[in-house]
Amino acid sequence: MMKVPAFLTNGDKVALVSPSYHLNMAGVEKAAGIIRSWGLVPVIGRNAGKLYERQYAGSLEERLSDLQRALEDPGIKAIICNRGGYGTIQMVSKLKRGIFSDNPKWIVGFSDITTLHEMATCAGVMSIQGPMCSFLANKGGDDISCTSLRDLLFGTIPQYQLPAHPFNRKGSARGTLVGGNLMTFAPLVGSSADATALDGIILFIEEVEESMHNIDRQINMLALNGVLDRVKGVILGEFTRCGDEFGCTAEELISRDLESYGIPVLCGFPAGHGDVILPLVMGSTVNIDINNNGASVSFTL
């Protein structure tokens, strides 16, 4: 049974940490101001302003200590990551599963933060694939992605209606929502952070700046490892600035790869690395329904 972290109330503390790449402090402070305007109290990680090896927000030990401190502090009610990039896979062997479940709290982020969502799901705790501080700082608090995140954190569960897509595969499915950035969760298959090992899953996939070769390779790797045999349905998010060397889109490629499984495939969900990142509740039970007129996505918490 998945745990639902407590929804937030005015005055709750929210940690802003950088488990992966660096975000300049001006961006962190701008995001903190938006979070403050929501009636929350941002707590910026001690090492958030560090820059290490040109990209990372501090050494592994520094990034890890900020995340551990936020996870262990019962006074912190949510963690919004500052930026993705790369680095969370380095933490898989260093974070005990109980750290996610002992003080359950919402972890928010996308891209490289997919690793933390997978770890939380494996620990039996829901989390939020959604806008990070870098996105908030860029878009401002009135953007639909940001207001949707705010509303979800305060307890308004989203229900989505989506237009028809030419590469949709019709049908209905219900299962535990896992996945995220393809190049982040695919390497976790077979590890202690492999949420795709659960039975009866709905798989969410998005990607940025990847070739069709790599995308196809990873989908086939999932198939070869038996992951797709456990998938009841697929939600495809955005594939931003990905290659076109096969003369087709990523949606067309993946939908074709999944044809033999006879499962519904929802294409074009507005989440990934684009201008809109509507939040998804990872680890929750999600229902998808796809027909000629469009598709719907709803959550059961």
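This one's a predicted model, so the numbers in the text were calculated from it and none came from an experiment.
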How far does [atom1] of [X] sit from [atom2] of [Y], to the nearest 0.5 angstrom?
{"X": "Met91", "Y": "Leu60", "atom1": "CE", "atom2": "CG", "value": "5.5 Å"}
{"X": "Asp199", "Y": "Lys232", "atom1": "CG", "atom2": "NZ", "value": "8.0 Å"}
{"X": "Ile254", "Y": "Leu236", "atom1": "CD1", "atom2": "CG", "value": "5.0 Å"}
{"X": "Ile288", "Y": "Ile235", "atom1": "CD1", "atom2": "CD1", "value": "5.5 Å"}
{"X": "Ile113", "Y": "Thr184", "atom1": "CD1", "atom2": "OG1", "value": "9.0 Å"}
{"X": "Leu149", "Y": "Ile144", "atom1": "CG", "atom2": "CD1", "value": "12.5 Å"}

Please report the shortest heavy-atom distance between [X] and [Y], naming the atom on each side.
{"X": "Ile44", "Y": "Ala32", "answer": "CD1-CB, 4.4 Å"}
{"X": "Ser211", "Y": "Glu245", "answer": "CB-OE2, 3.1 Å"}
{"X": "Arg83", "Y": "Pro19", "answer": "O-CD, 4.5 Å"}
{"X": "Glu206", "Y": "Ala271", "answer": "CB-O, 4.0 Å"}
{"X": "Ala70", "Y": "Ile79", "answer": "CB-CD1, 3.7 Å"}
{"X": "Leu266", "Y": "Ala295", "answer": "CD1-CB, 3.5 Å"}

Would you check if [X] and [Y] make a side-chain contact, meaning some heavy-atom pair closer than 4.5 Å?
{"X": "Ile34", "Y": "Cys146", "value": "no"}
{"X": "Cys133", "Y": "Leu23", "value": "yes"}
{"X": "Ile215", "Y": "Met183", "value": "yes"}
{"X": "Val14", "Y": "Val108", "value": "no"}
{"X": "Leu177", "Y": "Ile201", "value": "no"}
{"X": "Leu162", "Y": "Pro270", "value": "yes"}
{"X": "Leu16", "Y": "Ile35", "value": "yes"}
{"X": "Leu8", "Y": "Trp38", "value": "no"}

What residues, two or more places apart in sequence or in another chain, satisfy side chain to side chain donor-acceptor pair (under 3.5 Å) together with [X]?
{"X": "Thr115", "result": "Thr88"}
{"X": "Tyr21", "result": "none"}
{"X": "Ser148", "result": "none"}

Is [X] reaching over with its side chain to a backbone N or O of [Y], donor-acceptor style, under 3.5 angstrom?
{"X": "Lys105", "Y": "Ile76", "value": "yes"}
{"X": "Thr147", "Y": "Asp143", "value": "yes"}
{"X": "Lys77", "Y": "Thr9", "value": "no"}
{"X": "Asn225", "Y": "Val227", "value": "no"}
{"X": "Glu118", "Y": "Gly179", "value": "yes"}
{"X": "Arg174", "Y": "Asn287", "value": "no"}
{"X": "Glu251", "Y": "Cys267", "value": "no"}
{"X": "Asn291", "Y": "Gly294", "value": "yes"}
{"X": "Asp194", "Y": "Thr196", "value": "yes"}
{"X": "Arg97", "Y": "Ser192", "value": "yes"}

Problem set entry | Stepwise side-chain contact (heavy atoms from CB on, under 4.5 Å) test for Leu116 and Leu67 | CA-CA 10 Å; Leu116 302 185; Leu67 179 60; 3.9 Å; yes
Exercise. When you check the side-chain N and O atoms of Arg169 and Ser255, is any donor under 3.5 Å from an acceptor?
Worked result: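 Ser255 and Arg169 do have a side-chain donor-acceptor pair below 3.5 Å.
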Exercise. Just checking, any donor-acceptor pair under 3.5 angstrom between side chains of Arg217 and Asn220?
Worked result: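 Looking only at side-chain atoms, Asn220 and Arg217 do not form any donor-acceptor pair under 3.5 Å.
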Problem set entry | Flag if over 12 foreign heavy atoms under 6.0 Å of CG, Asp229 |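 For Asp229, atom CG is crowded (more than 12 foreign heavy atoms under 6.0 Å).
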Exercise. Are Asp216 and Met212 close enough, and set up right, to give a side-chain contact (heavy atoms from CB on, under 4.5 Å), and what steps lead you there?
Worked result: CA-CA 6 Å; Asp216 187 63; Met212 289 297 113; 5.9 Å; no
For this session: Kindly state each residue pair satisfying salt bridge (charged side-chain N to carboxylate O under 4.0 Å, His left out) with at least one member in residues 24-48, sequence neighbours excluded.
Result: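 Sorted pair list comes back empty.
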Problem set entry | salt bridge (charged side-chain N to carboxylate O under 4.0 Å, His left out) contacts touching residues 289-301 (sequence neighbours left out) |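 Applying salt bridge (charged side-chain N to carboxylate O under 4.0 Å, His left out) to every pair that reaches into residues 289-301, excluding sequence neighbours, yields nothing.
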Using salt bridge (charged side-chain N to carboxylate O under 4.0 Å, His left out) as the criterion, list what pairs up with [X], not counting sequence neighbours.
{"X": "Arg241", "value": "Glu209"}
{"X": "Arg69", "value": "Asp66"}
{"X": "Glu62", "value": "Lys50"}
{"X": "Asp275", "value": "Lys139"}

Exercise. With sequence neighbours excluded, what pairs up with Tyr52 under the ring-ring contact (aromatic ring centres under 6.0 Å, His included) test?
Worked result: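 With sequence neighbours excluded, Tyr52 shows a ring-ring contact (aromatic ring centres under 6.0 Å, His included) to no residue whatsoever.
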Problem set entry | ring pair (Phe, Tyr, Trp, His ring centres under 6.0 Å) partners of residues 91-135, not counting sequence neighbours, each pair once |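 For residues 91-135, and leaving out neighbouring residues, the ring pair (Phe, Tyr, Trp, His ring centres under 6.0 Å) pairs sorted by first residue read Phe7-Trp106, Phe110-His273.
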Exercise. Is there any ring pair (Phe, Tyr, Trp, His ring centres under 6.0 Å) pair reaching into residues 169-214, and which pairs are they, with sequence neighbours excluded?
Worked result: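 The answer is His213-Phe246.
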Problem set entry | Verdict with supporting geometry, Leu95 and Leu64, side-chain contact (heavy atoms from CB on, under 4.5 Å) | CA-CA 9 Å; Leu95 288 169; Leu64 187 62; 3.7 Å; yes
For this session: Determine the interplanar angle of the Phe269 and Tyr160 rings, folded into 0 to 90°, and report it as parallel if under 30°, tilted if 30 to 60°, perpendicular if over 60°.
Result: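 Rings of Phe269 and Tyr160: perpendicular, over 60°.
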Problem set entry | Shared hydrophobic cluster, Val41 / Leu71 (ILVMFWY, side-chain heavy atoms < 4.5 Å) |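 No, no single cluster joins them.
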For this session: In sequence, state the C-alpha distance, the side-chain angles, and the governing distance for Val234 and Tyr261, and then conclude on side-chain contact (heavy atoms from CB on, under 4.5 Å).
Result: CA-CA 11 Å; Val234 172; Tyr261 290 88; over 6 Å; no
Exercise. Should Asn82 and Ser18 be marked as a side-chain hydrogen bond (donor to acceptor under 3.5 Å, both in side chains) after you check the CA-CA gap, both sets of side-chain angles, and the distance that decides it?
Worked result: CA-CA 5 Å; Asn82 291 324; Ser18 299; 2.7 Å; yes
